[in-house]
Student: 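If you scroll down you'll find the structure; I have some questions about it.
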Number of protein chains: 2
Amino acid sequence: MTSPAGLPLPGEPSGLRERKKQRAQAELARVALERFAARGFDAVTVEEIADAADISRRTFFRYFPTKEDVLFARRREQTEVLRELLARQPGEGAWAAVRRALLALAEDHMVQRERVLREHALLAQTPSLLARDLEWDRRAQEALAAALEGGAARDAASRRRARLCAGALVGALRTVIEDWIASGAKGDLAKRGEEALDLLSPLAPKERAR
Amino acid sequence: MTSPAGLPLPGEPSGLRERKKQRAQAELARVALERFAARGFDAVTVEEIADAADISRRTFFRYFPTKEDVLFARRREQTEVLRELLARQPGEGAWAAVRRALLALAEDHMVQRERVLREHALLAQTPSLLARDLEWDRRAQEALAAALEGGAARDAASRRRARLCAGALVGALRTVIEDWIASGAKGDLAKRGEEALDLLSPLAPKERAR
DNA sequence: TAGCAAAGTGGCACTCGGTGTCAACAGGCA
DNA sequence: TGCCTGTTGACACCGAGTGCCACTTTGCTA
């Protein structure tokens with residue numbers, strides 16, 4: 001896809017250069033996750049990862065601002081997907097959109113089961129990674145809050161209510177995911193998610209007339 | 001307070017040594033918060049803090065495992081208080097205990113208003129600190145979950161429900177606090193907290209017969 | 001197709017957070 | 001007083017992250 005004038009858009013992959021970069025980043029992420037899982041996050045140095053991916057240490061830090069970030073590409077994508085799903089609400093209310101978006105994420109978790117399990121094991125044994133992960137929850141929460149605020153009345157109380165609801169949602173759904181993982185990730189996460197959403201639906205702010 | 005035999009208990013302040021340590025730690029925390037607030041967390045080095053408190057860099061790290069931890073003494077205490085409040089439930093149900101404990105924290109926030117504001121400003125501009133703070137939320141959440149699980153039926157579904165409730169509580173109440181701060185910390189946080197708790201009370205698991 | 005400007009890369013040196021080690025020291029106690 | 005033990009400070013070291021600069025690659029254009 002190009003802009004009307006045929007010029008490459010700023011943020012878009014353009015040519016060989018971009019493709020090489022993407023491949024290198026993917027390789028770094030792959031190598032890193034593999035080694036972290038095997039020996040723990042702290043025991044693996046950036047130098048080792050860079051060497052294994054045949055890239056200089058310096059360049060590693062051009063691709064990923066920190067060693068931790070090499071693990072969170074998936075969450076970043078997830079958050080973007082979430083934002084997109086929430087953005088286009090085809091006529092439905094805000095709560096319905098939120099529900100649909102979150103259930104889509106649940107499905108994604110089930111599809112990527114193996115990866116989710118491996119990453120979660122890593123988070124569980126590395127506090128700094130857990131902390132980073134919680135930061136991502138917060139961004140998801142902000143996206144949800146924005147969606148709910150958009151669909152609610154404009155007064156301060158309704159907006160506070162929307163944010164409260166988003167906070168409760170993220171907090172609750174995280175426990176749902178963790179319980180699902182704790183039970184071996186064998187059950188139907190989407191179903192558990194639906195139950196939780198039904199439980200939380202009374203918290204949603206009143207929808208604004210459309 | 002001493003043990004029955006009159007011996008100093010293991011974890012208790014015993015003599016001059018302990019008092020000096022306490023004073024030094026308090027001084028470090030004071031100096032650190034002051035400088036962080038003035039120039040930002042990253043712009044102040046551990047060496048500077050240690051020098052200002054007339055202590056060696058090495059000893060700083062004996063008092064606080066990381067530079068970040070020098071800021072979280074208050075949250076650690078809070079979490080301990082929370083745990084205590086939840087532990088002794090004088091005949092009341094788990095939800096009532098949770099409610100009482102959380103409202104006590106709200107009161108504390110109002111009393112320490114200035115400090116809360118200063119610390120929050122710091123968190124807001126330093127992602128790594130925010131992440132650490134969210135980790136503390138998680139510990140609070142675990143304490144709440146334990147209390148609610150203790151008061152609920154023993155089956156897996158009830159326990160999951162208790163954890164879900166704890167997650168929602170922490171997520172929601174964090175937004176309540178943030179909104180309170182965003183509005184200048186002028187309103188009655190305890191009242192806002194009560195409203196939120198009422199809203200969330202249907203999430204609490206059924207209480208086990210006592 | 002040659003050449004050029006810009007973007008990307010690697011090496012180097014440096015800062016800072018955090019840790020192991022060890023000798024010197026101070027507090028508590030007999 | 002003198003001993004024992006926990007605490008301290010100095011030093012060396014490691015790894016994450018960054019600024020800098022020379023060199024290479026890519027994409028474009030003459």
Side-chain angles (χ1 to χ4, degrees), chain A residues 2-3 5-28 31-32 35-36 39-72 126-129 131-132, chain B residues 2 5-29 31-32 35-36 39-72 126-129 131-132:
Chain A
T2 52
S3 65
L7 297 168
L9 291 172
E12 274 187 9
S14 52
L16 172 59
R17 207 160 230 169
E18 205 62 28
R19 268 177 287 135
K20 264 174 91 172
K21 200 186 211 168
Q22 305 257 349
R23 237 185 302 131
Q25 288 189 14
E27 176 67 2
L28 281 173
V31 167
R35 312 221 163 188
F36 290 158
R39 290 166 25 225
F41 182 77
D42 293 324
V44 180
T45 67
V46 169
E47 187 166 14
E48 178 185 337
I49 300 168
D51 283 354
D54 212 46
I55 273 173
S56 81
R57 203 179 79 97
R58 191 64 188 84
T59 297
F60 176 98
F61 284 111
R62 274 195 262 265
Y63 288 162
F64 302 102
T66 74
K67 180 183 172 185
E68 283 160 0
D69 284 297
V70 75
L71 281 173
F72 288 105
T126 318
S128 71
L129 290 179
R132 273 299 247 252
Chain B
T2 52
L7 296 168
L9 290 172
E12 273 186 12
S14 51
L16 172 59
R17 207 162 227 167
E18 204 63 27
R19 268 177 287 138
K20 265 173 89 172
K21 200 187 210 166
Q22 305 257 348
R23 237 185 304 131
Q25 289 187 16
E27 176 68 3
L28 281 172
V31 167
R35 313 218 163 191
F36 291 158
R39 291 165 28 223
F41 182 77
D42 293 324
V44 180
T45 68
V46 169
E47 188 166 14
E48 179 185 337
I49 300 168
D51 283 353
D54 211 47
I55 273 172
S56 80
R57 203 177 77 96
R58 189 64 186 85
T59 298
F60 176 98
F61 284 111
R62 275 194 263 266
Y63 288 162
F64 302 101
T66 72
K67 181 183 173 186
E68 284 160 1
D69 284 296
V70 75
L71 282 173
F72 288 106
T126 318
S128 71
L129 289 180
R132 272 298 247 253

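Since this is a predicted model, take the numbers as computed values, not measurements. Quick note on labels: first sequence line is chain A, next is B, and so on, each numbered from 1.
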Student: Starting from P on D:dA10, measure out to CD on B:Glu47 and report it in whole angstrom.
Tutor: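 Taking atom P of D:dA10 as the reference, CD of B:Glu47 is at 11 Å.
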
Student: How many Å lie between CZ on B:Phe60 and P on D:dG9, as a whole number?
Tutor: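 Result: 13 Å.
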
Student: Using whole Å, report how far CD of B:Glu68 lies from P of C:dC16.
Tutor: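 To the nearest whole Å, that distance equals 17 Å.
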
Student: Can you identify which nucleotide, out of C:dC16, D:dG17, C:dG10, has its nearest atom closest to the A:Ile55 side chain?
Tutor: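 Taking heavy atoms from C-beta onward, the closest nucleotide is C:dG10.
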
Student: Which heavy-atom pair separates B:Lys67 from B:Val44 by the least distance, and what is that distance?
Tutor: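 Heavy-atom minimum between the residues: NZ-O, 2.7 Å.
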
Student: Is there a side-chain contact between B:Tyr63 and B:Lys21, using heavy atoms and a 4.5 Å cut-off?
Tutor: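 Result yes, sub-4.5 Å side-chain heavy-atom pair found.
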
Student: N/O contacts under 3.5 Å, protein versus nucleotides 7-9 of chain C?
Tutor:
from: C:dA7; atom 1: N3; to: A:Arg17; atom 2: NH2; distance (Å): 3.0
from: C:dG8; atom 1: OP1; to: A:Lys21; atom 2: NZ; distance (Å): 3.4
from: C:dT9; atom 1: OP1; to: A:Tyr63; atom 2: OH; distance (Å): 2.8

Student: Hey, mind stepping through A:Phe41 and A:Leu71 against side-chain contact (heavy atoms from CB on, under 4.5 Å) and telling me if it holds?
Tutor: CA-CA 10 Å; A:Phe41 182 77; A:Leu71 281 173; 4.2 Å; yes

Student: Which residues pass the side-chain hydrogen bond (donor to acceptor under 3.5 Å, both in side chains) test with B:Asp69, not counting sequence neighbours?
Tutor: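 Per chain and number, B:Asp69 pairs via side-chain hydrogen bond (donor to acceptor under 3.5 Å, both in side chains) with B:Thr66, B:Arg132.
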
Student: Mind calculating the distance between CZ (B:Phe61) and C1' (D:dG15) to the nearest angstrom?
Tutor: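 Taking CZ of B:Phe61 and C1' of D:dG15, I get 14 Å after rounding.
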
Student: Let me know the distance between CZ of A:Arg57 and C1' of D:dG17, rounded to the nearest Å.
Tutor: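 After rounding, the reported distance stands at 7 Å.
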
Student: Could you please name the option among C:dG17, C:dT19, C:dC12 that lies closest to any side-chain atom of B:Arg58?
Tutor: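 Taking heavy atoms from C-beta onward, the closest nucleotide is C:dT19.
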
Student: With side chains defined as the heavy atoms from C-beta onward, is the minimum distance between B:Leu129 and B:Phe36 less than 4.5 Å?
Tutor: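 Not touching, per the 4.5 Å side-chain cut-off.
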
Student: Write down the atom of A:Ala52, the atom of A:Val31, and the distance for their closest heavy-atom approach.
Tutor: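 For A:Ala52 versus A:Val31, the nearest heavy atoms are CB-CG1, 3.6 Å.
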
Student: Could you tell me how far apart B:Arg19 (CZ) and C:dA26 (P) are, to the nearest whole angstrom?
Tutor: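 Between P of C:dA26 and CZ of B:Arg19: 17 Å.
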
Student: Give the rounded distance in Å between these two atoms: NZ of A:Lys67 and C1' of C:dG17.
Tutor: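 Taking NZ of A:Lys67 and C1' of C:dG17, I get 14 Å after rounding.
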
Student: Rounded to whole Å, how long is the line connecting atom CZ of B:Arg23 with atom P of D:dT7?
Tutor: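 Those two atoms, CZ and P, are 16 Å apart.
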
